[in-house]
Amino acid sequence: MGKSVQKITDKVSLIASADTWIEGLAIQQLIKTSELNGMQRVAGMPDLHPGRGYPIGAAFFTTNKIYPALVGNDIGCGMALWQTTAKVAKVNLDKLAKKFTHIELPLDESWFSIIESSKAAKNITTKGYDSALGTIGGGNHFAEFQAIDEIYNQSALDELGLSKKHLQLLVHSGSRGLGQSILVEHIAGHNHDGLCENDADFKDYMSKHDEAVRFAELNRELIAKRFLEAIRANGECSLDINHNLVSAKNIDGCAGWLHRKGATPSDKGYVVIPGSRGDYSYLVKPVFTESSDNDLAVQESINTSLFSLAHGAGRKWQRGECHGRLGHKYKREDLYRTALGSRVVCGNKELLYDEAPQAYKKCETVISDMVDAGLIEVVAKLRPVLTFKTNGGCSS
């Protein structure tokens, strides 16, 4: 295995070098989760940080049982990368930042036919949550225009059809209130006990879960399209990968269920690992194949990581404490610009501080750990140009 793969217990692995700072509580949560009934293995990613009872930035493999609480309320949350027709060389930040004043309002009636046809195409029958479609939400969700800053693998970039001349759009969001309602319903009936495969509610949860994943994918598509409309550009989706979900998986010949909570799949092709709004993001190619041609050491690392990667830079500070840490150093106005020259659009003061670059680890460290573990090849580095956070409250 790579040098950035640590074995914590027989069931617990951590994809991070000994020099990478991981909060002790996150490790404790990882170990505690490994003791759940039916849990076979857990893997923490280099962006591992504590969550509400369960760690974020981790994958969990069970047999005969699933744990909806491990997936959480934001079922289907993920990252979508779109290449726009807008040219990087023609970006005017002052003008760009003024185009998104009303972009968090529900989509108006001009979008209704698109929503209905898209829902039908994706077999989404749930009613009552359409007003959330096309909206980002709070927390760490965002839409960010980016420029390709450095290229490390031109052929891979060509394969994706990406050009350094064009502005990229990265969208991070999920299933909004739909995912929340599914988790609340499950917890009301089962607490955190999970569901066995032969439980009556198992198929019902999985059906709702899968629909929420499709809903999240549609949400990101509509977010991208309304941002493209706002800047009067067109665009094409290059990739869309979910990092909050549970799915059937066979690992080392064992059939089971792979839960990902803030863990990007390494078996779905190219992915973007985002930094904070003041840091670079990275387009990477997972080192993955299930063929016998694979190097045994590489395959062992892939299995140990539970076919998963980090989903971002990872938090250093808990939400709610960031304003206290930063308020005496930075005025609110200071946080609308970053050290990389990018702009931030955010109308919520607390969120502006909670999502400040200082609250996150350097993404380069997370990427380095996964490279050292033999899990990824870096394709390109992406520089933030403008990051949009919610203009309203912090609802997710």
Checklist entry - Using 4.0 Å as the upper bound for N to carboxylate O, is an ion pair formed by Glu229 and Lys225? => result no

Checklist outcome for this item: All heavy atoms of Ala156 vs all of Asn153, minimum pair found to be N-OD1, 3.0 Å

Checklist entry - How about Ser110 and Asp108: does a side-chain donor come under 3.5 Å of a side-chain acceptor? => result yes

Next on the checklist: Testing the 3.5 Å rule here: is there a donor-acceptor pair between the side chains of Glu211 and Thr126?
Outcome noted: yes

Item to check | Candidate pair Tyr280 and Glu150, rule side-chain hydrogen bond (donor to acceptor under 3.5 Å, both in side chains), full reasoning | outcome: CA-CA 10 Å; Tyr280 295 99; Glu150 290 189 43; over 6 Å; no

Checklist entry - Would you call Asp204-Lys208 a salt bridge at under 4.0 Å N-O? => result yes

Item to check | Residue Asp10 excluded, over 12 heavy atoms near CG under 6.0 Å | outcome: no

Checklist entry - For Gln40, does the CD atom have more than 12 heavy-atom neighbours from other residues, nucleotides or ligands under 6.0 Å away? => result yes

Item to check | Salt-bridge criterion met for Asp199 and Lys65 (N-O under 4.0 Å) | outcome: no

Checklist entry - When you measure from the side chain of Arg226 to the backbone N and O of Gly134, does any donor-acceptor pair fall under 3.5 Å? => result yes

Checklist entry - Should Leu157 and Lys164 count as side-chain neighbours, where that means a heavy-atom distance under 4.5 Å? => result no

Checklist entry - Would Arg41 and Asp252 pass as an ion pair if we require N to O under 4.0 Å? => result yes

Next on the checklist: Walk me through whether Glu116 and Phe112 qualify under side-chain contact (heavy atoms from CB on, under 4.5 Å).
Outcome noted: CA-CA 6 Å; Glu116 287 304 312; Phe112 288 176; 5.6 Å; no

Next on the checklist: A quick test of your reading: do over 12 heavy atoms of other residues, nucleotides or ligands sit less than 6.0 Å from CD of Glu23?
Outcome noted: yes

Next on the checklist: When you compare the side chain of Pro68 with that of His259, does any pair of heavy atoms fall below 4.5 Å?
Outcome noted: no

Item to check | Test item: side-chain donor near acceptor, Thr387 and Glu144, under 3.5 Å | outcome: yes

Checklist entry - Which of these passes side chain to side chain contact (heavy atoms under 4.5 Å, CB included) with Leu170: Phe142, Phe145, Trp82? => result Phe142

Next on the checklist: Is a donor from one side chain sitting under 3.5 angstrom from an acceptor on the other, for Ser305 and Ser308?
Outcome noted: no

Item to check | Between Ser181 and Tyr129, a side-chain donor and acceptor under 3.5 Å | outcome: yes

Checklist entry - Can you check ring-ring contact (aromatic ring centres under 6.0 Å, His included) on Tyr54 and His192, steps first, answer last? => result CA-CA 11 Å; Tyr54 306 108; His192 288 245; 5.7 Å; yes

Item to check | Salt bridge present between Asp47 and Lys361 (N-O < 4.0 angstrom) | outcome: no

Item to check | His172 vs Met79, side-chain contact (heavy atoms from CB on, under 4.5 Å): CA-CA, chis, key distance, verdict | outcome: CA-CA 5 Å; His172 176 207; Met79 303 279 176; 3.5 Å; yes

Checklist entry - Would a hydrophobic clustering, with Ile, Leu, Val, Met, Phe, Trp and Tyr connected at side-chain separations under 4.5 Å, put Leu36 with Phe61? => result no

Item to check | Heavy-atom closest contact (Ala147 atom, Val385 atom, distance) | outcome: N-CG2, 3.8 Å

Checklist entry - How are the rings of Phe100 and Phe388 set to each other: parallel, tilted or perpendicular (split at 30° and 60°)? => result perpendicular

Item to check | Val71 and Tyr205, any side-chain heavy atoms less than 4.5 Å apart | outcome: yes

